[in-house]
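First comes the structure, then the notes that go with it.
Bear in mind the structure is a predicted one, so any value in this text is a computation, not a measurement.
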Amino acid sequence: MPEVVFKVDQTKSMRDQDVPGHNRWHPDVPTVTTVKPGAEFRLETRDWTDCQVGNNDTANDVRDIDLTIPHMLSGPIGVEGAEPGDLLVVDILDLGPVPQQSGDAAGQGWGYTGIFAKANGGGFLTDYFPDAYKAIWDLHGQQAVSRHLPGIRYTGITHPGLFGTAPSAELLTRWNAREKALIDTDPNRVPPLAVPPDTNNALAGTATGDLATRITAEGARTVPARENGGNQDIKNMTRGSRAFFPVYVNDAKLSAGDLHFSQGDGEISFCGAIEMGGFIDFHVDLIKGGMETYGISTNPVFMPGNVEPRYTEYMSFIGVSVDHDTDTNFYMDATLAYRRACLNAIEYFKKFGYSGEQAYLLLGSAPIEGRISGIVDIPNACCSLYVPTAMFDFDVRPTAAGPVKADRGKCAVATA
């Protein structure tokens, strides 16, 4: 097993670990250790919310999540010799839930998928599903089953939702300025257009005193993907993947967290993956001057691994850039087209007895394939959503006999 360079005790909050992680991006978060190019090492991680969600049958915990806490990241890990302008080569060797443990922390044999309330984060379909819901998944090797979505079993593509390098001070300033400008266009929007720096529950790693105060005041929230990688939520970035991250500071400062047992393309319910804590094994190397050499300056590049389920038959749902609720055409709007593909899939699975919320949870967590299928035929962009049929223990294909509707249980709901 690779050397564990960041340890996590799953019975303790990230801020109470012997070496705490961090939940803000800032160039001055201190490295916890430094490795040489060519090193292989393991990071242990907490669930992204620092385990605010429990293995129970209520969605009150999802409804009430304090979103100033995420994402809890393990690191930063310095890479000896890394300098601004280099590319950090990161191989994912292995990853998974917390090994050989059962317990109260997500990743200890179970994980969860949540629909966030519109008033607290929302999601891709928040205007259609404004309240909080949840599904608990039991993890069996590579497969997941849920008491909240009976009749479904699938093989997950396990991946880190979030990993990346530290921004430079100049890049951090640009992030905060451009996101503030976006927020200022509609400052009272619910959910907000972006989340600015916030000192509430900010964690600056091992920094103390004035340094910690400055990091928590200036640090960028980890919610979106940016130039440094970060919260990209790419389901195919799994075992065997190689990523090339721009280096903006000395030692690169690699951090990771937000592990997902499985996820559909888009992670549409915001907490749409099967969320968990666990471990991830990395190998790192450097390409000196690689940012200029390869023109990789604004976002990482990655090579997906070849580890994925062998699903061969799909139900594929299509959406175009038409708002069918108002019969309004939009010009080449791929976001709207993907939303409509998701809504079309949800309506279809409701015919088999699932609630809309259950279908929404399924699309966020299962290894569905989302694609931009047409982006040139004015006025309608066309997106498609591929759902593996083998996930279901009944036939979901259309037949002349019609759908077999049955009692499919219910997901966890929030109560007053």
key: Test log, rule ring pair (Phe, Tyr, Trp, His ring centres under 6.0 Å), inputs F282 and F163   = CA-CA 11 Å; F282 287 130; F163 65 126; 5.6 Å; yes
Interatomic spacing from [atom1] in [X] to [atom2] in [Y] - rounded to 0.5 Å:
X	Y	atom1	atom2	value
L139	I274	CG	CD1	6.5 Å
D377	M332	CG	CE	6.5 Å
N380	Y331	CG	OH	10.5 Å
L162	W25	CG	CH2	5.5 Å
M391	L149	CE	CG	10.0 Å
R221	R24	CZ	CZ	4.0 Å

key: Residues Y338, D333; criterion side chain to side chain donor-acceptor pair (under 3.5 Å); working and verdict   = CA-CA 9 Å; Y338 194 59; D333 189 330; over 6 Å; no
Is any side-chain N of the basic residue among [X] and [Y] closer than 4.0 Å to the acidic one's carboxylate O?
X	Y	result
K253	D251	no
K410	D57	no
D393	R153	no
R408	E357	no

key: Residue pair T216, T199: steps toward the side chain to side chain donor-acceptor pair (under 3.5 Å) verdict   = CA-CA 5 Å; T216 59; T199 59; 6.0 Å; no
key: Which residues share a side chain to side chain contact (heavy atoms under 4.5 Å, CB included) with A341, sequence neighbours left out   =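 Only L385 meet the side chain to side chain contact (heavy atoms under 4.5 Å, CB included) criterion with A341.
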remark   = T399 meets the side chain to side chain contact (heavy atoms under 4.5 Å, CB included) criterion, sequence neighbours left out, with A401
request  = Enumerate the residue pairs fulfilling side-chain hydrogen bond (donor to acceptor under 3.5 Å, both in side chains) with a member in residues 156-167, sequence neighbours excluded, ordered by first and then second residue.
outcome  =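 Sorted result for residues 156-167: H159-H260, H159-Q263.
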key: Summary of side-chain hydrogen bond (donor to acceptor under 3.5 Å, both in side chains) pairs that have at least one residue in residues 289-303, sequence neighbours excluded   = none
task = Show the numbers, then the answer: is there a salt bridge (charged side-chain N to carboxylate O under 4.0 Å, His left out) between E179 and R226?
result = CA-CA 11 Å; E179 289 171 24; R226 300 187 181 92; 2.8 Å; yes
Side-chain donor or acceptor of [X] paired with backbone N/O of [Y] under 3.5 Å:
X	Y	answer
R15	L203	no
Q101	V98	no
S262	S365	yes
Q52	D66	yes
T45	G277	no
Y248	L172	no
S241	G305	yes
T31	I77	no
S321	P379	yes
Y348	V396	yes

Please tell me whether [X] and [Y] have a donor and an acceptor in their side chains that are separated by less than 3.5 angstrom.
X	Y	value
N201	N23	no
T415	N60	yes
S13	D50	yes
N55	D104	no

message = I'd like to check Y128 versus Y360 (side-chain heavy atoms, cut-off strictly below 4.5 Å). Are they in contact?
response = no
query = Do R340 and V322 come close enough that some side-chain heavy atom pair is under 4.5 Å?
reply =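 SC-SC contact between R340 and V322 ruled out.
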Quick one: list whatever passes side chain to side chain donor-acceptor pair (under 3.5 Å) with [X], sequence neighbours left out.
X	answer
D265	K235
D285	none
Y112	D47, W48
N344	none

note = ring-ring contact (aromatic ring centres under 6.0 Å, His included) filter on F394, not counting sequence neighbours, yields F352, F392
Sequence-distant partners of Y354, ring-ring contact (aromatic ring centres under 6.0 Å, His included), two or more places apart =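 Result, ring-ring contact (aromatic ring centres under 6.0 Å, His included) vs Y354: none returned.
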task = Compute the centroid of each ring, for F302 and then for F244, and state whether the two points are separated by less than 6.0 Å.
result =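 Ring-ring flag for F302/F244: false, centres at least 6.0 Å apart.
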request  = Determine, stepwise, if the pair E218 / H26 fulfils side chain to side chain donor-acceptor pair (under 3.5 Å).
outcome  = CA-CA 7 Å; E218 299 171 352; H26 196 284; 2.7 Å; yes
request  = Measure from NZ or CZ of R371 to the centre of the six-membered ring of Y386 and say whether it is under 6.0 Å with the direction within 45° of the ring axis.
outcome  = yes
Cut-off 3.5 Å, no hydrogens considered: what does the side-chain donor-acceptor table look like for residues 114-127, sequence neighbours left out?
{"residue": "K118", "atom": "NZ", "partner": "D127", "partner atom": "OD1", "Å": "2.9"}
{"residue": "N120", "atom": "ND2", "partner": "R63", "partner atom": "O", "Å": "3.2"}
{"residue": "N120", "atom": "ND2", "partner": "I65", "partner atom": "O", "Å": "2.9"}

message = Quick one, E313 with T389, criterion side chain to side chain donor-acceptor pair (under 3.5 Å). Give me CA distance, side-chain angles, the key distance, then yes/no.
response = CA-CA 6 Å; E313 185 176 285; T389 58; 3.3 Å; yes
Return all side-chain donor-acceptor pairs below 3.5 angstrom for residues 130-138, not counting sequence neighbours, or 'none' if the list is empty.
{"residue": "K134", "atom": "NZ", "partner": "G54", "partner atom": "O", "Å": "3.0"}
{"residue": "K134", "atom": "NZ", "partner": "N56", "partner atom": "OD1", "Å": "2.5"}
{"residue": "K134", "atom": "NZ", "partner": "T58", "partner atom": "O", "Å": "2.8"}
{"residue": "K134", "atom": "NZ", "partner": "D61", "partner atom": "OD1", "Å": "3.2"}
{"residue": "K134", "atom": "NZ", "partner": "D61", "partner atom": "OD2", "Å": "3.0"}
{"residue": "W137", "atom": "NE1", "partner": "T113", "partner atom": "OG1", "Å": "3.0"}

inquiry  = Set out, in order, the CA-CA distance, both residues' side-chain angles and the distance that settles salt bridge (charged side-chain N to carboxylate O under 4.0 Å, His left out) for E275 and R46, then state yes or no.
reply    = CA-CA 10 Å; E275 305 285 352; R46 285 278 277 177; over 6 Å; no
